[in-house]
There are 2 protein chains.
Amino acid sequence: MRAEPFRDPKGVAKYRHEVLAVVFRVLADTPSLQVLAWQRHHEPFAGQWALPSGPVEVSETMRDAMERHLADKLDLVAVRHSEQLATLSAPLRDPAERTIATAYLGLVAEATEVVKGGAHWFDVSTLPQMAFDHDEVVRLGAHRLRGKISYSNIAFALAPDEFTLAHLREIYMGVLYHDVDVTNLGRVLTRRHQIEPTGHRTAPGQKGGRPARTYRFVEHSLHITDPFAVLRGDQKR
Amino acid sequence: MRAEPFRDPKGVAKYRHEVLAVVFRVLADTPSLQVLAWQRHHEPFAGQWALPSGPVEVSETMRDAMERHLADKLDLVAVRHSEQLATLSAPLRDPAERTIATAYLGLVAEATEVVKGGAHWFDVSTLPQMAFDHDEVVRLGAHRLRGKISYSNIAFALAPDEFTLAHLREIYMGVLYHDVDVTNLGRVLTRRHQIEPTGHRTAPGQKGGRPARTYRFVEHSLHITDPFAVLRGDQKR
DNA sequence: CCAAAAGTGTTTTGGATACACCCATGA
DNA sequence: TCATGGGTGTATCCAAAACACTTTTGG
């Protein structure tokens, strides 16, 4: 039986509000885009995989709530960029009680592991069935990330502090899911002042090969670097 | 005195949730981007201008609630495109009681008037002081629209069904707030199959001049026409 | 010397811009 | 035929892409 909503004296309904986190990392080797999920212990959807989530407390913003839940339940504090994705309001999306949920996109660097709370990283391309509408939220997050990586410096949040161009290429390939030319990637990002050489080089691999220069992202906060695809005009009136 | 939140037996807080609508139109003559606001009658912020808003009912989605409030309070049913903008959760944004609000961007065609409910169209560039955080929401909406008009066909929702290129240019100028070249605008939108000629022409103006062809948008739903600014690769793997 | 990996140089492409010029109408 | 506004043609620009070639390393 579905719970009746709370109403205040004027008859205005009150709802449970929770935050969801779609946390992505990219493994360069495969390369693949992975999302963090954990197994539910309680009904509804007990035993199924779900995104990290939790209610919003009275004196915190939704972003605070999202960070708090990731830290408390999963010991995850290494989120390097987060932004609001969407708010879900289908009346029956939670079978127990009407719950409005705001989803956040979170990005962590490649090496990030999560040991606590039975969490697991899943390839976005082979996602298991998920609780609630969480599959849809993951797809939405992947779509947002794919769009933004082309016209912003959002990759700073997925890459380590220091990386080679070959490594960065694999991160881009994991997100975009198509081939990316290393040479041109380096030139585009350099022209846009997104990356700069550190002056260091890596040790060459076991099978030889020229040692690669390493680079870093110039900014570690989100910047739109290609603001208007077209119709730029002369920006004067 | 601030109201205490409702809590269920397990101690989970429940919140008032409302929807906000940032409804834009563009007047071609000026040209200017205008937003719909109305004057509040009750505290808090009585007498100040505010965006149309209202609570979400138990069995409706937020989009339904937004459309319902616009129709009931302002007789506005001509919204040609709407999309979710953001959800606002600052704990003190509503001085009376914690209220989480989800803002929608709505677009109507130029001629759209609103007669009911004491509503008024304001130029976004000369916005009055607004209730709550509504100024910020208007700016967010304008920013979203400005970005999207360059890489999607979103202008279909602002233009009349049939228009001349000169007219469409003024709509783009109202949104982008910089000069747009008519010739190139027509060519870009034609190449992207966003617009097509209707085969009609307008009557020439009072002072003469060649009669203009009219055009229509091919699609009347949102399509991204310039999906990846760069790093397109060959789309093969 | 060869294989492997990184990096450079150079050409090509194609959408977008700029702008000169031509066309159709009213007075 | 002139003023006004619409439309066409074309040269130019420039970021991005493609790809051949050179450099630096280990074996």
Side-chain angles (χ1 to χ4, degrees), chain A residues 28-29 149-152 162-170 172-173 176 178-215 224-237, chain B residues 28-29 149-152 162-170 172-173 176 178-215 224-237:
Chain A
D29 296 325
I149 206 173
S150 286
Y151 64 84
S152 80
E162 213 171 318
F163 50 84
T164 66
L165 285 183
H167 190 165
L168 189 62
R169 164 180 184 251
E170 294 179 324
Y172 272 76
M173 285 180 65
L176 290 174
H178 67 65
D179 198 29
V180 172
D181 183 295
V182 207
T183 307
N184 295 329
L185 179 65
R187 279 202 270 240
V188 167
L189 299 187
T190 302
R191 188 192 347 253
R192 295 179 173 182
H193 303 292
Q194 282 190 29
I195 60 172
E196 61 190 9
T198 60
H200 311 154
R201 344 186 111 248
T202 54
Q206 279 63 35
K207 290 173 286 183
R210 179 170 172 174
R213 291 183 192 169
T214 64
Y215 293 80
I224 306 300
T225 50
D226 188 22
F228 298 107
V230 288
L231 307 175
R232 272 182 295 279
D234 52 7
Q235 308 294 15
K236 287 172 276 179
R237 271 249 226 193
Chain B
D29 295 327
I149 205 172
S150 288
Y151 64 83
S152 80
E162 213 172 317
F163 50 83
T164 65
L165 284 184
H167 190 166
L168 189 62
R169 166 182 182 250
E170 293 178 328
Y172 272 76
M173 285 179 64
L176 289 174
H178 67 64
D179 198 29
V180 173
D181 184 295
V182 206
T183 307
N184 297 327
L185 179 66
R187 278 201 272 241
V188 167
L189 298 188
T190 301
R191 183 183 1 243
R192 294 180 175 181
H193 303 291
Q194 281 190 31
I195 60 172
E196 61 191 7
T198 60
H200 311 153
R201 341 185 113 252
T202 53
Q206 279 64 33
K207 289 174 286 183
R210 178 172 174 174
R213 292 183 190 168
T214 64
Y215 293 79
I224 306 301
T225 50
D226 189 22
F228 297 108
V230 289
L231 307 175
R232 270 182 299 278
D234 51 8
Q235 309 293 16
K236 286 170 276 180
R237 270 251 227 194

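Hydrogens, waters and symmetry mates play no part in the numbers below; they use all other heavy atoms, side chains included. Every chain is numbered from 1 and lettered A, B, ... according to where its sequence line falls, protein lines coming before strand lines.
- Applying the side chain to side chain donor-acceptor pair (under 3.5 Å) rule to Ser152(A) yields no partners; only residues at least two apart in sequence or on another chain are considered.
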Within the 4.0 Å limit for protein heavy atoms, which parts of nucleotides 3-9 of chain C are touched? Write it as a string from 5' to 3', B for base, S for sugar-phosphate only, - for none.
-BBBSBB

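- Atoms CG (Leu189(A)) and C1' (dA16(D)) sit 12 Å apart, rounded to a whole Å.
- Counting to the nearest Å, the C1' atom of dA18(D) and the CG atom of Asp179(A) are 12 Å from each other.
- The distance from atom NE2 of His193(A) to atom P of dA15(D) is 11 Å, rounded to the nearest whole Å.
- The salt bridge (Lys or Arg N to Asp or Glu O under 4.0 Å) test applied to Glu196(A) returns Arg216(A), not counting sequence neighbours.
- The side-chain heavy atoms of Asp179(B) and Arg169(B), taken from C-beta on, include a pair separated by under 4.5 Å.
- At whole-Å resolution of the value, CZ in Arg192(A) and P in dC14(D) are 16 Å apart.
- With sequence neighbours left out, the side chain to side chain donor-acceptor pair (under 3.5 Å) criterion links His193(B) to no other residue.
- Take Gln194(B) and apply the side chain to side chain donor-acceptor pair (under 3.5 Å) test, not counting sequence neighbours, and it matches Thr225(B).
- With sequence neighbours excluded, no residue forms a ring-ring contact (aromatic ring centres under 6.0 Å, His included) with Tyr215(A).
- Comparing Asp181(B) and Arg191(B), the nucleotide of DNA chain C nearest to each residue sits closer to the 5' end for Arg191(B).
- To the nearest angstrom, C1' of dA18(D) lies 15 Å from NE2 of His178(A).
- When the C1' atom of dA16(C) is taken as reference, atom CG of Leu176(B) falls 15 Å away, rounded to whole Å.
- Arg169(B) has its CZ atom 12 Å from the P atom of dG5(D), to the nearest Å.
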